[in-house]
Amino acid sequence: MARMFDDAGRALGGIDGVVDIIGMSRYADLVDMSDDDWNWHFDIVLRHAFLAMQYGGRAMREHGGTMVFVASVSGITSAPRHSAYGAAKAGLMSLVRTGAVELGPSRIRVNAVAPGVVWTPRVSAFLGDEGEQRNIVNTPLRRVAQPADIAAALLFLASDLAGYVTGQTLSVDGGVGAKFPYPMADL
């Protein structure tokens, strides 16, 4: 991470912003999860984010900038087999808030985007057509997010349009988190 920021800073004449979008999950039941899988989640979700914030903060502290991280609604709510992933993403949101407080005096804004289901090739292969339809019906906007939907939220938080926004996690889930989870009978 140190080399990446040094190389990028030299090549670009400085660092003005960071968008961190690394993350994966190994789904497992809580009672069956191995220590290795638990640690893996915290390494892939939190360790690199901590290092990006640390080295990025050093690179931007003289002139300010912005950092945006990709969290997940799994860090806000709960889902079966998401224990380590959700805990790590919740930790990331806490790290974002702390980063905003500590880096704010250097005019560095730190925020996160928390996507719900995003129709990427990996998700498509995992859920298939039936899973896509279940998610469409479950989403108030009646569609599944595309990668461009998340990119737009990241761009907003990285831009001057969000110039007075820091320490926040923007949920980008098509309204799923805003609704009562049980389907209503037709009235």
Side-chain angles (χ1 to χ4, degrees), residues 1-27 34-76 82 84-116 118-123 125-126 145-172:
M1 193 65 75
R3 188 175 71 235
M4 181 186 75
F5 276 100
D6 287 344
D7 292 350
R10 277 193 299 279
L12 301 171
I15 304 291
D16 296 316
V18 172
V19 175
D20 179 280
I21 194 166
I22 298 172
M24 290 179 64
S25 181
R26 293 179 182 170
Y27 301 111
S34 70
D35 286 350
D36 286 340
D37 280 346
W38 179 266
N39 292 333
W40 179 85
H41 280 93
F42 280 81
D43 280 344
I44 198 164
V45 170
L46 277 177
R47 182 177 309 280
H48 73 87
F50 159 71
L51 294 171
M53 206 174 289
Q54 186 177 56
Y55 289 104
R58 290 175 187 163
M60 292 187 279
R61 70 177 153 201
E62 295 301 317
H63 62 278
T66 184
M67 295 183 190
V68 186
F69 294 84
V70 176
S72 171
V73 294
S74 290
I76 299 169
H82 283 227
Y85 181 72
K89 290 296 188 175
L92 174 59
M93 289 183 259
S94 178
L95 183 64
V96 162
R97 290 188 300 272
T98 300
V101 170
E102 290 189 16
L103 299 173
S106 295
R107 298 174 331 280
I108 300 170
R109 294 183 300 104
V110 184
N111 292 293
V113 170
V118 181
W119 210 250
T120 63
R122 185 172 51 195
V123 170
F126 180 70
Q146 298 298 310
D149 295 312
I150 308 311
L154 292 166
L155 181 60
F156 165 70
L157 288 172
S159 77
D160 290 340
L161 291 171
Y164 202 63
V165 178
T166 194
Q168 302 303 307
T169 297
L170 177 61
S171 182
V172 184

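As the structure is a prediction and not an experimental result, all values here were calculated from the model. Residues: numbered from 1 along the sequence shown.
- Both tests pass for R58 against the ring of Y55: distance under 6.0 Å to the centre and angle within 45° of the axis.
- Contact record, A90 with G75: CB-O, 3.5 Å, taken as the closest heavy-atom pair.
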* Asked: Does the pair V118 and D149 meet the rule for a side-chain contact (heavy atoms from CB on, under 4.5 Å), with working shown?
  -> CA-CA 9 Å; V118 181; D149 295 312; over 6 Å; no
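- Remark: side-chain polar atoms of R109 are paired, donor with acceptor, to backbone N or O of L157 under 3.5 angstrom.
- For the atom pair CE of M4 and CD1 of I15, the computed distance is 7.5 Å after rounding to the nearest 0.5 Å.
- With a 6.0 Å radius and a threshold of 12 heavy atoms from other residues, nucleotides or ligands, D7 has its CG atom above the threshold.
- In terms of modelled atom types and a separation under 3.5 Å, the side chain of T98 and the main chain of S94 share a donor-acceptor contact.
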Go through R122 and M24 one step at a time and tell me if the side-chain contact (heavy atoms from CB on, under 4.5 Å) criterion holds. CA-CA 10 Å; R122 185 172 51 195; M24 290 179 64; 3.2 Å; yes
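- Using bins of under 30°, 30° to 60° and over 60° for the plane-to-plane angle, the ring pair H82/Y85 lands in the perpendicular bin.
- Residue L92 comes nearest to A71 through the heavy atom pair CD2-CA, 3.9 Å, listed as atom of the first residue, atom of the second, then distance.
- Contact of the M67 side chain with the L103 side chain is registered, since non-hydrogen atoms from C-beta on lie closer than 4.5 Å.
- For the residue pair V68 and A158, the shortest heavy atom distance occurs at CG2-N, 3.8 Å.
- We find the OG-CZ distance between S34 and R26 to be 7.5 Å, quoted to the nearest 0.5 Å.
- In this structure, the separation between CE on M60 and CD1 on I108 is 5.0 Å, given to the nearest 0.5 Å.
- For N111 (side chain) and T169 (main-chain N/O), no donor-acceptor pair under 3.5 Å exists by modelled atom type.
- When every heavy atom of L46 is checked against every heavy atom of A88, the shortest pair comes out as CG-O, 3.7 Å.
- Separating the CZ atom in R47 from the CH2 atom in W40 is a distance of 14.0 Å, to the nearest 0.5 Å.
- Looking at heavy atoms from C-beta onward, V113 lies out of side-chain contact with F156 at the 4.5 angstrom threshold.
- Residues Q54 and M1 fail the side-chain proximity criterion, which asks for heavy atoms closer than 4.5 Å.
- A heavy-atom distance below 4.5 Å is found between the side chains of D6 and R10.
- From F50, atom CZ reaches atom CG of D43 across 12.5 Å, with rounding to the nearest 0.5 Å.
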Residue pair V165, L170: steps toward the side-chain contact (heavy atoms from CB on, under 4.5 Å) verdict: CA-CA 10 Å; V165 178; L170 177 61; over 6 Å; no
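- D20 places none of its side-chain heavy atoms less than 4.5 Å from the side chain of M53.
- Considering every non-hydrogen atom in both K89 and I22, the closest pair reads NZ-O, 4.0 Å.
- Annotation for R61 and S106: closest pair O-CB, 3.6 Å, computed over non-hydrogen atoms.
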Hey, mind stepping through V110 and E102 against side-chain contact (heavy atoms from CB on, under 4.5 Å) and telling me if it holds? CA-CA 10 Å; V110 184; E102 290 189 16; over 6 Å; no
